[in-house]
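Atoms within a ligand are numbered from 1 in the order they appear, just like the ligands themselves. Worth saying up front: this structure is predicted, and the values here are computed from it rather than measured.
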Amino acid sequence: MRTEDLYSIYLQHPVICTDTRRITSGCLFFALKGDNFDGNIFASQALDEGAAFAVIDDPGFVKNQQTILVGNVLETLQQLANYHRRQLNIPFVGITGTNGKTTTKELIKSVLSVKYKTYATQGNLNNHIGVPLTLLAIDRSVEIAIVEMGANHQKEIESLCKIAEPDLGLITNVGKGHLEGFGGFEGVKKGKGELYDFLKQSGGRVFLNKDSSHLLEMAGQRKLENVFYYSTASDSDLKGELIENDPFLTIDWISDSERHRIKTNLTGPYNLENILVAIAVGRYFNLSPDEINEGISAYVPGNNRSQITKTEHNTLICDYYNANPSSMAAALDNFASISAGKKVLILGDMFELGDESYDEHRAIAEKALQLDVDRKILIGKAFYQCKTEGANFYESTDEALKNIKSDSVKGATVLIKGSRGMRLEKLAEVL
Ligand SMILES: CC(=O)N[C@H]1[C@@H](OP(=O)(O)OP(=O)(O)OC[C@H]2O[C@@H](n3ccc(=O)[nH]c3=O)[C@H](O)[C@@H]2O)O[C@H](CO)[C@@H](O)[C@@H]1O[C@H](C)C(=O)N[C@@H](C)C(=O)N[C@H](CCC(=O)N[C@@H](CCC[C@@H](N)C(=O)O)C(=O)O)C(=O)O
Ligand SMILES: Nc1ncnc2c1ncn2[C@@H]1O[C@H](COP(=O)(O)OP(=O)(O)OP(=O)(O)O)[C@@H](O)[C@H]1O
Ligand SMILES: C[C@@H](N)C(=O)N[C@H](C)C(=O)O
């Protein structure tokens, strides 16, 4: 079926489902293949449960007129998403980077929503499936779209850019994340730089953090011209200053020689750059300083991304949505700087670091051991290989859980950070 014809069907049924566990009546079911299942086998069930059509790529599962047979379901989904994107005459903001994509995306959404009907990626549906689903969820009432693009290997951002075709974009930062798939830090710069390549070619605007020598170098290599600079230095289009971090950030921002102050719900100086670029995008779309401040103050982080939670016994900084050497180092610096009577540090392994895993875990363990905190707990097989005096090391989260249950933590500010797969939320439940 031609993309135009499938698009006519989509316009009648503009809700996409990829999972029979979440079918909605009248949706278009796309039968994707994954690590565990071949979606084709669910096509018939999807139709029985109310899907209007099922898009499949295995002729063995054709059922009736409601099954649409294509060559490759994933590619069809991506082509349909790009076709839809091209019908939408609105600005698309693309976001990638090692750390802070989701936070930045939510901050930009919060700012732009003060003035415009804004649609942004839900959660972090940011990959080869998530980006098409994001685009196909944008309806005609939307005035600005924000698309988060994630990657763990080369050419992924290039491919997502071809689907989403952003008009403006930013790389939050480049750091030591997903080193295994990218092939080291230089590989991260190359892979994330694919967004700059796209915007250079299309003439799109780049928002660039001038404090990052890596991003400046990447922009210089590509001779980017259409750039809005933000940073903590004066020679930028937008300057930011950190006023307080106790534990929430208060910042000043200076633009057009005017100074504005905002109290935020975010902790950690690393969030300054996330906030600044949201202000920069707000300025670009002509929001007033009051509108921008309203949007920034309204954003409260969730989903264990530097989320501050008070329990009966402790104050927790829940930061176990993900972890890599760059975000770990930033979290440790922040923990060192905040004032608290008693501090407990709990770190879990960082995943997807490949050959650099041992060295990176050792470097973070050494940094942690130097911190002036009351108790240090390092968890996971990789940290365990760095076992030394000065901290408690456990091979698994369950072993650490037993220890914390028998020797409880009370009256402390506790930083808990590690990769998603470490399931550190189990510890938060007993703290
Ligand atoms: C393909 C798919 O969508 N899978 C989702 C599914 O997984 P499950 O294990 O159940 O099965 P399969 O994948 O094998 O299933 C194939 C299809 O069959 C459907 N199905 C299955 C059972 C059933 O009873 N009925 C069915 O219809 C099934 O839905 C499939 O369509 O369910 C899981 C639980 O809900 C989902 O987690 C799984 O989703 C996968 C992981 C996915 O890619 N989802 C995207 C929409 C997405 O954007 N997910 C984001 C996470 C993105 C991410 O990790 N980003 C990285 C960077 C990108 C790296 C990239 N190279 C990559 O590999 O992804 C980052 O660091 O940010 C999210 O969920 O938050
Ligand atoms: N600018 C930053 N610099 C360093 N670390 C950051 C920055 N912003 C956020 N982080 C860290 O990264 C964690 C995850 O934040 P966020 O979800 O916004 O990142 P992400 O890039 O979207 O991650 P993912 O790709 O896994 O979705 C935060 O809880 C915090 O520890
Ligand atoms: C959760 C996923 N987006 C991610 O960032 N994974 C890394 C490896 C992590 O969990 O730290």
Polar contacts were defined as any N/O atom of the residue lying under 3.5 Å from an N/O atom of the ligand; does this apply to Asn304 and ligand 2?
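N/O-N/O distance below 3.5 Å does not exist for this pair.
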Number the atoms of ligand 2 from 1 as they appear, then name those within less than 4.0 Å of a heavy atom of Asn173, with their elements.
1 (N), 2 (C), 3 (N)
Which of the ligand 2 atoms, numbered from 1, are nearer than 4.0 Å to a heavy atom of Glu148:
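Numbered from 1, ligand 2 contributes 22 (O), 27 (O).
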Return the closest protein heavy atom for [atom] as residue, atom name and distance.
atom: atom 30 (C) of ligand 1; result: Thr18 O, 3.7 Å
atom: atom 3 (O) of ligand 1; result: Ile129 CD1, 4.0 Å
atom: atom 17 (O) of ligand 2; result: Arg305 NE, 2.4 Å
atom: atom 8 (N) of ligand 2; result: Asn274 ND2, 3.0 Å
atom: atom 6 (C) of ligand 1; result: Arg21 NH2, 3.8 Å
atom: atom 13 (O) of ligand 1; result: Gly34 CA, 3.3 Å
atom: atom 31 (O) of ligand 2; result: Asp319 OD2, 2.7 Å
atom: atom 30 (C) of ligand 2; result: Ser306 OG, 3.4 Å

Would Phe37 count as a polar contact of ligand 1, with the cut-off being nitrogen or oxygen pairs under 3.5 Å?
yes
Atom 15 (O) of ligand 2: which of Leu107, Asn271, Thr103 has the nearest heavy atom?
Thr103
I'd like to know whether ligand 1 has Gly123 as a neighbour, heavy-atom separation below 4.0 Å.
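So Gly123 does not count as touching ligand 1.
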Per-atom contact, atom 60 (C) of ligand 1, protein heavy atoms, under 4.0 angstrom
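So far as the 4.0 Å threshold goes, atom 60 (C) of ligand 1 is in reach of a protein heavy atom.
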List, ordered by chain and residue number, the protein residues whose closest non-hydrogen atom lies under 4.0 Å from any atom of ligand 3.
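Protein residues near ligand 3 are Asn124, Tyr321, Asn322, Ala323, Phe351, Glu352, Ser419, Arg420.
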Quick one: does Arg420 get within less than 4.0 Å of ligand 2, heavy atoms only?
no
4.5 Å side-chain heavy-atom contact, Gln154 and Phe182
yes
Between Gln307 and Asp319, does any side-chain donor sit less than 3.5 Å from a side-chain acceptor?
no
